[in-house]
Amino acid sequence: MNNNTQEKVVIITGASSGIGEAVAKRLAGDGTIVTLAARRKEKLETVRRYITDAGGRASFYQMDVTKKEQLAEIADSVVKQYGRLDVLVGNAGLMAVAPLSTRKVDEWDRMIDINIKGILYGIAAAWPIFERQNSGHFINIASVAGLRVSAPGGTVYSATKYAVRAISEGVRIESAGKFRSTVISPGYIESELMYGSSDEAARNSVISAYAQYAIPAPTIADAVAYAVSQPTEASINEIVVRATAQEF
């Protein structure tokens, strides 16, 4: 158990499945106090039970990252319960890929709301807490699609993930000397993300790529744990994790 990880208080959004679930289990196993946040209550309860049955400490909140007041309430509640908040993992995301010509504007809006605003709302909730503590750590999950446009079909999704990287870099610059910022960009990782599009052809193409390349979600949990475990004076700012065989 790493002394730099043990007893830290962590909130993870999108924690009911996939990367968020894997991160919660890994960090709890390393001795952190984990708060799970997502929309699906039954799945959150399953993850919480897994952690507590294994001897870890976890609680959960049913919430939606597009509701800024809910993120603020969770952050404040965690501080009231544990006296501090050390890490916020912004993981909730939607990948609704489809060609621009299909004009799926509602899905564009939803990706912007979840992938960009959800990150910003988390930052707004935790920033004043980190300021008071003069310590804290934002870890935001982006994507390799934030390094290169995943066209055809991934233009808007890529745009949201480029934004996550830009926001994370802005946090690093503006908070230098106070707290830490890490952005992690996964490639194909086993998760429900592949099912996000209503465009059948695009969705099938994504599912096919995941079947070929996807690696287990705990791979990203390991990257998160590595960033969290660093000594206070060191900040891991960016990590990219792909399947060895993945070209994109």
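Predicted, not measured: the structure shown is a model, and the values here were computed from it. One is the number of the first residue; the rest follow in order along the sequence.
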*About how many Å separate CD1 of Ile220 and CD1 of Ile239, when rounded to the nearest 0.5 Å?*
8.5 Å
*When you check the gap from the basic side-chain N to the acidic O, do Glu7 and Arg57 get nearer than 4.0 Å?*
yes
*May I have the step-by-step check of side chain to side chain contact (heavy atoms under 4.5 Å, CB included) for Val78 and Lys80, ending in yes or no?*
CA-CA 5 Å; Val78 166; Lys80 287 178 183 177; over 6 Å; no
_Close side-chain approach of Leu120 and Ile167, heavy atoms under 4.5 Å_ = yes
*Does the side chain of Val47 come within less than 4.5 Å of Phe60's, by heavy atoms?*
no
*Minimum-distance pair of heavy atoms, taken over all atoms of Val241 and Ala223*: CG2-CB, 4.3 Å
*Just wondering, do Asp222 and Val224 contact through their side chains at under 4.5 Å, heavy atoms?*
no
*Mind checking salt bridge (charged side-chain N to carboxylate O under 4.0 Å, His left out) for Lys178 and listing every partner two or more places apart, or none if nothing turns up?*
Glu131
*Results of ring-ring contact (aromatic ring centres under 6.0 Å, His included) for Tyr157 - residues two or more places apart only*: none
_Would the distance check show the side chain of Ser158 and the main-chain N or O of Thr155 forming a donor-acceptor pair, the cut-off being under 3.5 Å?_
no
_Restricting to non-hydrogen atoms, name the atom on Gly90 and the atom on Ile119 that form the minimum distance, rounded to 0.1 Å._
O-CD1, 3.6 Å
*Do the charged groups of Glu107 and Arg110 touch, with an N to O distance under 4.0 Å?*
no
*Once you round to the nearest 0.5 Å, how far does OG of Ser16 lie from NZ of Lys41?*
14.0 Å
*Does Glu169 pair with Arg165 as a salt bridge, N-O distance under 4.0 Å?*
no
*Salt bridge between Arg203 and Glu200, side-chain N to carboxylate O under 4.0 Å?*
no
_Run the ring-ring contact (aromatic ring centres under 6.0 Å, His included) test against Tyr210 and tell me which residues pass, sequence neighbours left out._
Tyr188
*Identify the heavy atoms of Asn91 and Thr13 that sit nearest to each other, and give their distance.*
N-OG1, 2.9 Å
*asked:* Are more than 12 heavy atoms, taken from residues, nucleotides or ligands other than Arg39, located less than 6.0 Å from that residue's CZ atom?
replied: no
*Closest approach of Tyr82 and Ser59, non-hydrogen atoms and distance?*
OH-OG, 4.0 Å
*Are any of the side-chain nitrogens in Glu73 or Lys68 under 4.0 Å away from the carboxylate oxygens of its partner?*
no
*What's the spacing between Ile129 CD1 and Phe179 CZ if we round to 0.5 Å?*
10.5 Å
*asked:* Is it true that Asn115 and Thr160 share a donor-acceptor pair across their side chains at a distance under 3.5 Å?
replied: yes
_Side-chain donor or acceptor of Glu238 paired with backbone N/O of Val183 under 3.5 Å_ = no
*asked:* Tell me every residue that passes side-chain hydrogen bond (donor to acceptor under 3.5 Å, both in side chains) with Lys104, counting only those two or more places apart in sequence or in another chain.
replied: Ser198
*Check whether Leu193 and Val240 end up in the same hydrophobic cluster, where Ile, Leu, Val, Met, Phe, Trp and Tyr are linked by side-chain heavy atoms less than 4.5 Å apart.*
yes
*In one Ile/Leu/Val/Met/Phe/Trp/Tyr side-chain cluster, 4.5 Å: Ile189, Leu147*: no
*Where do Asn134 and Gly177 come nearest, in terms of heavy atoms and distance?*
OD1-O, 4.5 Å
_Salt bridge flag under 4.0 Å for residues Arg49 and Asp53_ = no
*Does Ile207 share a hydrophobic cluster with Ile19, counting links as ILVMFWY side-chain heavy atoms below 4.5 Å and allowing steps through other members?*
no
*Check whether any side-chain heavy atom of Ser143 sits under 4.5 Å from a side-chain heavy atom of Met95, and report yes or no.*
no
*Atom pair CG (Leu71) and OG1 (Thr66), whose distance is rounded to the nearest 0.5 Å*: 9.0 Å
*Would you sort out whether Val89 and Ile11 count as a side chain to side chain contact (heavy atoms under 4.5 Å, CB included), showing the intermediate values?*
CA-CA 6 Å; Val89 180; Ile11 296 174; over 6 Å; no
_Distance-only side-chain donor-acceptor flag, Ser197 / Asp199, under 3.5 Å_ = no
_Quick check on the hydrophobic clustering: are Ile141 and Tyr226 connected, directly or via other members, by side-chain heavy-atom contacts under 4.5 Å?_
yes
_Tell me if a side-chain donor or acceptor on Asp86 pairs with a main-chain N or O of Val9 at a distance below 3.5 Å._
yes
*Approximate separation, where rounding is to 0.5 Å, of Asn237 CG and Ile184 CD1*: 11.5 Å
_What I want to find out is whether Lys25 reaches Glu21 closely enough, with some N-O distance under 4.0 Å, to be called a salt bridge._
yes
*Does CZ belonging to Phe248 count more than 12 external heavy atoms closer than 6.0 Å?*
yes
*Gap separating the NE2 atom of His137 from the CD1 atom of Ile236, nearest 0.5 angstrom*: 8.5 Å
_Is it true that Asp30 and Thr32 share a donor-acceptor pair across their side chains at a distance under 3.5 Å?_
no
*Transitively linked via ILVMFWY side-chain contacts under 4.5 Å: Val10 with Leu44?*
yes
*asked:* For a 4.5 angstrom cut-off between non-hydrogen side-chain atoms, does Val144 reach Pro186?
replied: no
*asked:* Would the distance check show the side chain of Arg180 and the main-chain N or O of Ala234 forming a donor-acceptor pair, the cut-off being under 3.5 Å?
replied: yes
*Could you tell me whether the side chain of Gln212 and the main chain of Ser208 form a donor-acceptor pair under 3.5 Å?*
no
*asked:* Please check this pair: side chain of Thr219 against backbone of Ile215, looking for a donor-acceptor N/O pair closer than 3.5 Å.
replied: no
*Might you work through the side chain to side chain contact (heavy atoms under 4.5 Å, CB included) test for Val34 and Ile12, ending with a clear yes or no?*
CA-CA 7 Å; Val34 175; Ile12 304 165; 3.8 Å; yes
*Report the residues that fulfil salt bridge (charged side-chain N to carboxylate O under 4.0 Å, His left out) with Glu192, sequence neighbours left out, ordered by chain and then residue number.*
Arg40
_Checking Tyr61 against Thr35: is there a side-chain donor and acceptor pair closer than 3.5 Å?_
no
*Starting from the C-alpha separation in whole Å, work towards a yes-or-no answer on side chain to side chain contact (heavy atoms under 4.5 Å, CB included) for Asp76 and Ile74.*
CA-CA 5 Å; Asp76 290 344; Ile74 291 170; over 6 Å; no
*asked:* Taking the side chain as everything from C-beta on, heavy atoms only, tell me whether Val87 gets closer than 4.5 Å to Ile139.
replied: yes
*Residues which pass ring-ring contact (aromatic ring centres under 6.0 Å, His included) with Trp108, listed by chain and number, not counting sequence neighbours*: none
_Quick check against the 3.5 Å criterion: does Ser168 have a side-chain atom that pairs as donor or acceptor with the backbone of Val164?_
yes
*asked:* Using a 3.5 Å distance criterion without hydrogens, assess whether the side chain of Lys8 forms a donor-acceptor pair with backbone atoms of Leu85.
replied: no
*Give the minimum heavy-atom separation between Ser175 and Trp127, together with the two atoms involved.*
CB-CH2, 4.0 Å
